[in-house]
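Because only heavy atoms are used, hydrogens play no part in the values below, and waters and symmetry mates are left out as well, while side chains stay in. Quick caveat, the model's predicted, so the values are computed rather than measured.
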Amino acid sequence: MKSFVFPLIILNGALVLNADPITNYFLAGEFLHYDSGKGFDPNAYPAPKVSFIVPVVDPDHLRAVREEAALTRNVVPVYNREQLVFTIDVEPTPDGLNRNYYLPGFPEWGWHATRLNGYAYGGGMVGGFYPYVSDLECTARGTCPGGWPGLFDSPWYSLGYYTFVKELGPHPLFVRFRFEEDTIRRIRLDWNVPPGGSNWSYTVEQQVGVTDAGWIPIPGITWPTTNTFFSVPLTNSNPILRVVARDGTQ
């Protein structure tokens with residue numbers, strides 16, 4: 001049985017307990033490109049709005065992408081420095097995993113990357129007339145017919161606007177939280193269905209006592225569940241929460 005966990009609020013790769021990864025997934029997102037009027041304070045820049053998923057298999061590609069992701073340069077304004085410009089093979093169909101995880105609700109893209117095609121290092125922004133992620137989306141959904149004929153027949157070029165943000169592992173699980181309020185205020189958790197496996201179930205656990213003291217399922221609830229959401233009343237003593245995903249077919 002494959003099993004992994006995802007702590008609340010931290011966007012991270014899942015821990016797989018019994019399988020050697022074949023395909024590693026990475027979250028790609030936007031750079032904060034340096035503006036002399038704003039300086040180097042990331043808080044002076046708008047938060048990134050676009051993210052998507054790229055699978056990486058080739059060992060040489062994997063080493064380069066891991067080095068890039070370790071820099072986490074999307075949260076630091078980039079000024080006159082080399083960056084990884086990459087191409088990906090794309091298909092004009094959704095796959096359930098490729099979503100914009102920077103936005104609430106994880107809206108699904110109408111396309112997905114099938115592999116990292118190639119990469120090179122270059123300095124600063126890359127010029128030229130190239131399609132953006134928005135062009136991939138409207139072409140895949142048919143809302144910009146004729147705008148980019150043959151767009152999905154060749155690799156898509158990242159332009160230098162996007163970088164690899166974080167390694168997610170072979171079974172990425174994303175957890176987001178938001179506040180809800182009706183008669184009481186609640187924290188709502190939402191998460192995606194991980195790729196691989198076909199019988200996922202989930203348990204929301206709370207930390208016991210001090211850090212590293214252990215985890216227990218939230219009491220009073222029948223676990224596991226096949227739902228991909230959970231809400232809990234907000235109090236002054238809410239514990240640290242995590243989501244544990246298990247694939248019962250393995």
Side-chain angles (χ1 to χ4, degrees), residues 11 23 25-35 37-38 42-56 61 65 68-69 71-79 81-168 172 174 176 178 190-193 195:
L11 182 61
T23 299
Y25 295 91
F26 285 78
L27 185 71
E30 296 172 282
F31 276 105
L32 297 181
H33 286 282
Y34 178 75
D35 182 335
K38 297 179 180 179
N43 295 321
Y45 291 77
K49 298 293 185 183
V50 175
S51 68
F52 53 94
I53 299 297
V54 178
V56 180
H61 290 181
V65 172
E68 179 77 0
L71 297 174
T72 60
R73 294 184 301 193
N74 69 312
V75 296
V76 178
V78 177
Y79 174 71
R81 57 194 291 189
E82 286 194 342
Q83 59 195 63
L84 191 70
V85 179
F86 58 92
T87 60
I88 53 177
D89 291 342
V90 288
E91 291 188 358
T93 54
D95 67 347
L97 175 64
N98 190 36
R99 297 172 177 272
N100 191 350
Y101 291 98
Y102 282 163
L103 297 183
F106 313 149
E108 185 175 16
W109 295 113
W111 55 276
H112 71 282
T114 58
R115 73 182 184 105
L116 176 64
N117 184 278
Y119 58 88
Y121 287 92
M125 294 289 289
V126 177
F129 191 56
Y130 297 97
Y132 293 84
V133 166
S134 58
D135 298 310
L136 289 175
E137 180 67 5
C138 71
T139 303
R141 297 192 181 274
T143 57
C144 57
W148 292 96
L151 176 58
F152 293 95
D153 296 335
S154 59
W156 177 82
Y157 189 48
S158 74
L159 285 147
Y161 285 111
Y162 307 99
T163 184
F164 292 99
V165 177
K166 187 175 289 291
E167 182 174 357
L168 306 172
F174 296 83
R176 284 283 192 256
R178 68 176 186 267
D190 292 273
W191 56 89
N192 67 297
V193 177

Which word best sums up how the rings of [X] and [Y] line up, parallel for under 30°, tilted for 30 to 60°, or perpendicular for over 60°?
| X | Y | result |
| --- | --- | --- |
| Phe86 | Trp156 | perpendicular |
| Tyr132 | Tyr161 | tilted |
| Phe52 | Tyr162 | perpendicular |

Do the side chain of [X] and the main chain of [Y] share a donor and acceptor less than 3.5 angstrom apart?
| X | Y | result |
| --- | --- | --- |
| His61 | Gly118 | no |
| Glu137 | Gly110 | yes |
| Trp109 | Ser51 | yes |
| Tyr119 | Val65 | no |

Rounded to the nearest 0.5 Å, what separates atom [atom1] in [X] from atom [atom2] in [Y]?
| X | Y | atom1 | atom2 | result |
| --- | --- | --- | --- | --- |
| Leu97 | Glu108 | CG | CD | 9.0 Å |
| Asp89 | Asp153 | CG | CG | 11.0 Å |
| Asn192 | Phe174 | CG | CZ | 6.0 Å |
| Asn74 | Leu32 | CG | CG | 6.5 Å |
| Thr93 | His112 | OG1 | NE2 | 4.5 Å |
| Leu103 | Lys49 | CG | NZ | 7.0 Å |

Determine the minimum heavy-atom distance between [X] and [Y], stating which atoms define it.
| X | Y | result |
| --- | --- | --- |
| Asp95 | Asn98 | OD1-N, 2.8 Å |
| Ile53 | Tyr25 | CG2-CD2, 3.6 Å |
| Trp111 | Ala140 | CB-CB, 4.1 Å |
| Leu27 | Leu168 | N-CD1, 3.7 Å |
| Gly29 | Val165 | N-CG2, 3.4 Å |
| Val76 | Pro42 | CA-CG, 4.5 Å |

Q. Which residues pass the side chain to side chain donor-acceptor pair (under 3.5 Å) test with Glu68, sequence neighbours left out?
A. Arg73, Thr163
Q | Sub-4.5 Å side-chain heavy-atom contact between Leu84 and Tyr121 | A | yes
Q: Report the residue from Thr114, Val54, Leu136 that forms a side chain to side chain contact (heavy atoms under 4.5 Å, CB included) with Ile88.
A: Val54
Q | Salt bridge present between Asp190 and Arg176 (N-O < 4.0 angstrom) | A | no
